[in-house]
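Everything below concerns the one structure shown next.
Remember, it's 1-based here, ligands and their atoms both numbered in the order they're listed. Throughout, numbering of the chain's residues begins at 1 and tracks the sequence.
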Amino acid sequence: MTTTLPGAVGTPLARLEGPEKVTGAARYAAEYRQDGIAYAWVVQSPVPRGRLNAVLADPTADALAVLWHGNAPRLEPADDPELAVLQSDRISYRGQPVALVVADTLEAARRAAQVLRLDITPEDHDARLRADHPGLYTPETVNPGFPAESAAGDVERALAAAPVTVDVTYSTPALHNNPMEPHATIARWNGDDLVLYDSNQHPSGVAETVAAVFGLEPAQVHVVTEHVGGGFGSKGTARPNAVLAALAARVVGRPVKLALPRQAMFSVVGHRTPTIQRVRLGAERDGTLTAIDHQAIGHTSRLFEFAEQTAVVTRHMYAAPNRRTGHRLVRLDMPTPRWMRAPGEAPGMVALECALDELAEALGLDPIELRVRNEPGAEPEGGTPFTSRHYVECLRAGAERFGWAGRDPRPRQRREGDWWIGTGVAGATYPTMAQPSTARARARADGGFEVAIGAADLGTGARTILTQIAADALGVPVERVRIRIGDSTLPKASVAGGSSGSASWGWAVTGACRRLRETGGDEATFDTTELVERQEKEGRHAFGAHFAEVRVDAVTGEVRVSRLFGMYAAGRILNPRTARSQFLGGMIMGMGMALHEEGVLDEAIGAWVNHDLAEYHIPAHADVESIDAAWLDERDEQINPMGSKGIGEIGIVGSPAAIVNAVWHATGVRVRDLPVRLDKLLTAWSQ
Ligand code: MOS
């Protein structure tokens, strides 16, 4: 007879590695001691486009090696051209690694890098994304493989016939992933085998990619990723630091450490593309949408086509018989954009959800009511039923909790002292995904269990929730489970990205633990590949609603977010403590997107001039006043054995729009060019 234990899943278990982290015992990539370690410093291109003819090292500088394309070992071609480091004289963007200095100390490496002379032939460059750029083209697909365009019905005719329309253009700036731990790698060769201590979101993926670049078998590269101080997408694949460290270690015959300085991250590890988005909506007088058109423009680099899926979110949100979405890109002499928390959904929902707010104003209809009236019964494009969709419930329950009822819909009505006060709402959604993964469970002689999967914990609590999932699947208390993650030699796990980690790994862990329990053996493994591949991919999303209250200083234009609240329906919440932290983190990042964050481009030099955390502003503690998240008790058994959906990204989807809409409600000013800075409000006031 089996005893039924109270389940560990759903309890607020504290992060298992918390004590190690707060005592400094937890090791991050750059913190592994190595005998005879050498230090590398990246030399970045000072021009956005041109040819590097030669690198002249100062003979008085103390370097073990100065690597550049003229002397660096040849690499195999990589799928990601950013990893072909020091292989060509072509300079594709300012900040691109063009040389690497290796020395006995960090200081010596940096000093030698400072006195290097680069012989460069610069060329004319093109750095600014514009809606009328002649180089704009429609890519074949947008990430991670969606058609670039979609259409149904006749949008133009519906817009012409609609009694109420909105035609607005919103733009979002380049945004930069700034995990607390910058990208870092220690590389050590043991003969032809390579060990990398590397900060990333996907140890086995990094091992495979780096192996391919060096012409090795994947098993010859061992990636250790025990603790990660955040990634937000920028560590989803191997970044140039991993390849550079390995190259340098091979040349100097010693372990080499390369930790990117914060400033380098703004160009070397990816960013969120700036976007320009035009949204046109047509509606009946009762608010029923008849047409939705969402056209998005973004940039990519000369090296690599990265096509952010900005308008894809509009394919899933609201019913309308006539609809169109599209994406265009232009290749610029700029760094390659990459994934940044909710790539696509985060910028896309700014335009869609702010446009809806403008439509609500034009209709004289409550913005929540407008959304409720356009709730689709199934996927608006394609008609696949939703496995679960509690969007309307999030809007209603969120409104209740936030205190929406009785809101005066007119803008610029509430004034307290020098402050204009306003509230705003916006929807949230994120796709629910799972990716193939394998886990292994072992029974130990002491009655405990070891569960292993090559997952990465970015600080989110992955290690903790996997322990909870394993404990329940094994039918034992969490104390009897030891989880092993963060190593490419463990059973292969999918990337910690796309809000899919817990679902993907938890599924494999559940399978392995159940199998071990059923067979009664010493060891069991479970590979979810077939199950995941058989699964329907459409109609699976988490939903939510974001509510913001802001106050705007009538004299200075300063915007403060006095309240931010998120109500989610995201499947079963595996651990309320770590989940809440994920939701709040996303919402705070959304606040940054609405009000603070912006890569400021100097077109003349092709660079973001504010490439450090002194000038690239992110919300600090003082910016966050009252913030809270809550969720509905949703379980979705069709999704995976845990009934859980992803929660890592949904917090940043819609929260910026809720704030921007609240600023309008406070002031009567629609700022359509993010971030909402005080100078934009003041300019609007003085006109
Ligand atoms: Mo996230 S941007 O999918 O790591």
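- Here the rule is side-chain hydrogen bond (donor to acceptor under 3.5 Å, both in side chains) with S499, and of R341, E649, Q582, K645 only E649 fits it.
- Side-chain contact of T300 with E305: a donor-acceptor pair under 3.5 Å is absent, judged by distance alone.
- The closest side-chain donor-acceptor pair between S267 and Q44 falls under 3.5 angstrom.
- The side-chain heavy atoms of M265 and P179, taken from C-beta on, include a pair separated by under 4.5 Å.
- Protein residues having a heavy atom under 4.0 Å from any atom of ligand 1 are Q201, F232, G233, W339, M340, R341, P343, A496, G497, G498, E649, listed by chain and number.
- Proximity of a side-chain donor or acceptor of K257 to a complementary backbone N or O of I186 within less than 3.5 Å is not detected.
- When side chains are defined from C-beta on, E20 counts as touching H227, because their heavy atoms get closer than 4.5 Å.
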